[in-house]
Amino acid sequence: MDPAVARRLVAAEGDEALMAAAAQADPGSLAAATALRKRFEPELAAAALAQDSLRRRARTKFGENAGALFFTADGLEQATRPDVARWRAERLVTAGVTRVIDLGCGLGTDALAMVDAGLDVVAVERDETTAVLAAANLAGRAQVRHADATESDLADRTVFCDPARRTGAGRTWNVADFSPPWPFVTGLLDRPAGACLKLGPGVPHRLLPEETRTEWVSHRGDLVEACVWSAGLSAPRAAVGAYAGPGRAAILLPAGETLQVDPAAPSPSVSEPGRYLHEPDPGVLAAGGLPTLAAAMSASRVHPDIAYLTTDNPTRSPWWTSFEVVQAMPWRERELRRWARDNDIGVLEIKKRGIEIDPAALRRRLKLTGTRSATIVITPTLGAAQVLVVNRLE
């Protein structure tokens, strides 16, 4: 969207066009485009319809608040979930931060959470259209600058930086493609006022400075980001609850649980699946916390290279999903088909690790016609690959 069109969209003249777009059953249809072009100039009509489509998509992330925000497709994809943005803003307040500069603010949703937490925020965005939309989303509650992050006056503010992780080919996990550049981003961590970086959860551990704290954030079972805190912002504080010093941790939201990774934790023992199978939260795995979790819960791995843990007791933990193993059989498709037929299975949840199969294709090949449902786990074990018939524990 052209910046001039963006300014019209967020101004009073855009309100009517947005209301008309919201009244359309399908904002992407030819009928909707025809209807709006009868009332508005083509550029404004197209922008309003595109915006309404984005707002409808954004409801899964922002709920009813999506209808009051402005989006771009890339900005919506990278925007922080509200629970996560609130958690980070509260962490900044707990660390004693009062003034923040948000470099690469995108649509301003992180800045909005920081303002709501009582922080004084300046937001900087290099893309002019996105800066216009961010200013509208912040509605005068924070200053928005259209500028390059690398040329911005940081003053004595703590920096929050969410570097753009997209190229012309789409999302990138290569830090060499980040904007602002990776050396600039990591250099922010050395500033006296400190910095907090939002990175993709796949960032390699070797790229993270040892004196920082990195927290892999899991939200409702989805691994969403790695949050890096400079040394000055990662000191232990009573209000945080758990130790917040340098190192690695997993964070579970919205509950707020913290698993501090113990680098000295021994590798878990390996044993055949016991009565209970446990699937660790993805944040634990990304943080390298599997040995820590296994040691804390007296659990073993089912295979040296597989992240399923097992116990003989029904040990509950917020850091894993537990299943009771009710049957085990060798992993052979013919035997699985016979089991499904004999047990009248019509709906089958297939979970797997370390096995090269497509669960959807396998489900079709099994030709399930029964009336019952079941869950199976296909995994290598200490002996051979097995199919574990399990019941999910709530």
Side-chain angles (χ1 to χ4, degrees), residues 65 69 78-126 130-131 133-163 180 184-199 208-209 211-215 217 219 224-247 249 251 253-254 256 258:
N65 291 336
L69 297 171
Q78 191 160 330
T80 305
R81 298 185 185 193
D83 283 345
V84 181
R86 281 192 293 270
W87 162 80
R88 182 169 31 247
E90 290 166 2
R91 277 287 303 271
L92 286 166
V93 171
T94 299
V97 173
T98 59
R99 304 172 74 235
V100 177
I101 183 164
D102 181 351
L103 299 181
C105 71
L107 297 167
T109 53
D110 274 295
L112 192 58
M114 294 177 203
V115 170
D116 287 341
L119 295 168
D120 176 359
V121 181
V122 171
V124 178
E125 174 54 46
R126 185 177 67 173
T130 304
L133 301 184
N137 289 338
L138 286 160
R141 301 179 66 197
Q143 179 188 359
V144 177
R145 300 174 183 168
H146 170 219
D148 190 309
T150 62
E151 300 174 358
S152 297
D153 179 10
L154 307 182
D156 59 349
R157 293 177 179 268
T158 298
V159 174
F160 171 67
C161 185
D162 178 5
F184 173 83
V185 171
T186 54
L188 297 170
L189 295 166
D190 296 327
R191 299 185 68 255
C196 172
L197 311 180
K198 173 189 170 183
L199 303 176
L208 302 170
E211 66 275 11
T212 61
R213 175 179 178 82
T214 303
E215 297 174 327
V217 181
H219 180 254
V224 294
E225 67 176 64
C227 190
V228 184
W229 304 86
S230 62
L233 300 181
S234 62
R237 292 179 184 272
V240 173
Y243 176 73
I251 304 293
L253 296 179
T258 300

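FYI, the numbering just counts along the sequence from 1. Values below: every heavy atom of this structure, side chains too, minus hydrogens, waters and symmetry copies.
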Check [X] against [Y] and note the closest heavy-atom contact, atom names and distance.
X	Y	result
Cys161	Val185	SG-CG2, 4.2 Å
Lys198	Ala79	NZ-C, 4.0 Å
Asp153	Arg145	O-NH1, 3.7 Å
Ser230	Leu189	CB-O, 3.2 Å
Gly194	Leu233	C-CD1, 4.2 Å
Val93	Ala117	CG2-O, 3.7 Å

[X] versus [Y]: any side-chain heavy-atom pair under 4.5 Å?
X	Y	value
Phe184	Leu103	yes
Val228	Leu208	yes
Thr98	Asp120	no
Leu188	Leu154	yes
Val224	Leu253	no
Thr80	His219	no
Asn65	Pro82	no
Pro163	Leu199	yes

Mind checking the [atom1]-[atom2] spacing from [X] to [Y]? Nearest 0.5 Å is all I need.
X	Y	atom1	atom2	answer
Asp190	Thr212	CG	OG1	10.0 Å
Glu125	Asp148	CD	CG	10.0 Å
Cys105	Leu133	SG	CG	10.5 Å
Asp102	Leu119	CG	CG	11.0 Å
Leu197	Trp229	CG	CH2	10.0 Å
Cys227	Arg91	SG	CZ	7.0 Å

Taking the side chain from [X] and the backbone from [Y], do they hold a donor-acceptor pair closer than 3.5 Å?
X	Y	answer
Thr158	Ala193	yes
Arg213	Pro246	no
Arg126	Thr150	no
Arg191	Arg157	yes
Gln78	Leu107	no

Query raised in the report: Can we say Asp156 and Arg99 salt-bridge, meaning some charged N sits less than 4.0 Å from an Asp/Glu carboxylate O?
Result: yes
Would Arg81 and Trp87 satisfy side-chain contact (heavy atoms from CB on, under 4.5 Å), going step by step from the backbone distance to the final call?
CA-CA 10 Å; Arg81 298 185 185 193; Trp87 162 80; over 6 Å; no
Determine, stepwise, if the pair Asp162 / Glu225 fulfils side-chain contact (heavy atoms from CB on, under 4.5 Å).
CA-CA 10 Å; Asp162 178 5; Glu225 67 176 64; over 6 Å; no
### side-chain contact (heavy atoms from CB on, under 4.5 Å) evaluation trace for Val124 with Ile101
CA-CA 7 Å; Val124 178; Ile101 183 164; 3.9 Å; yes
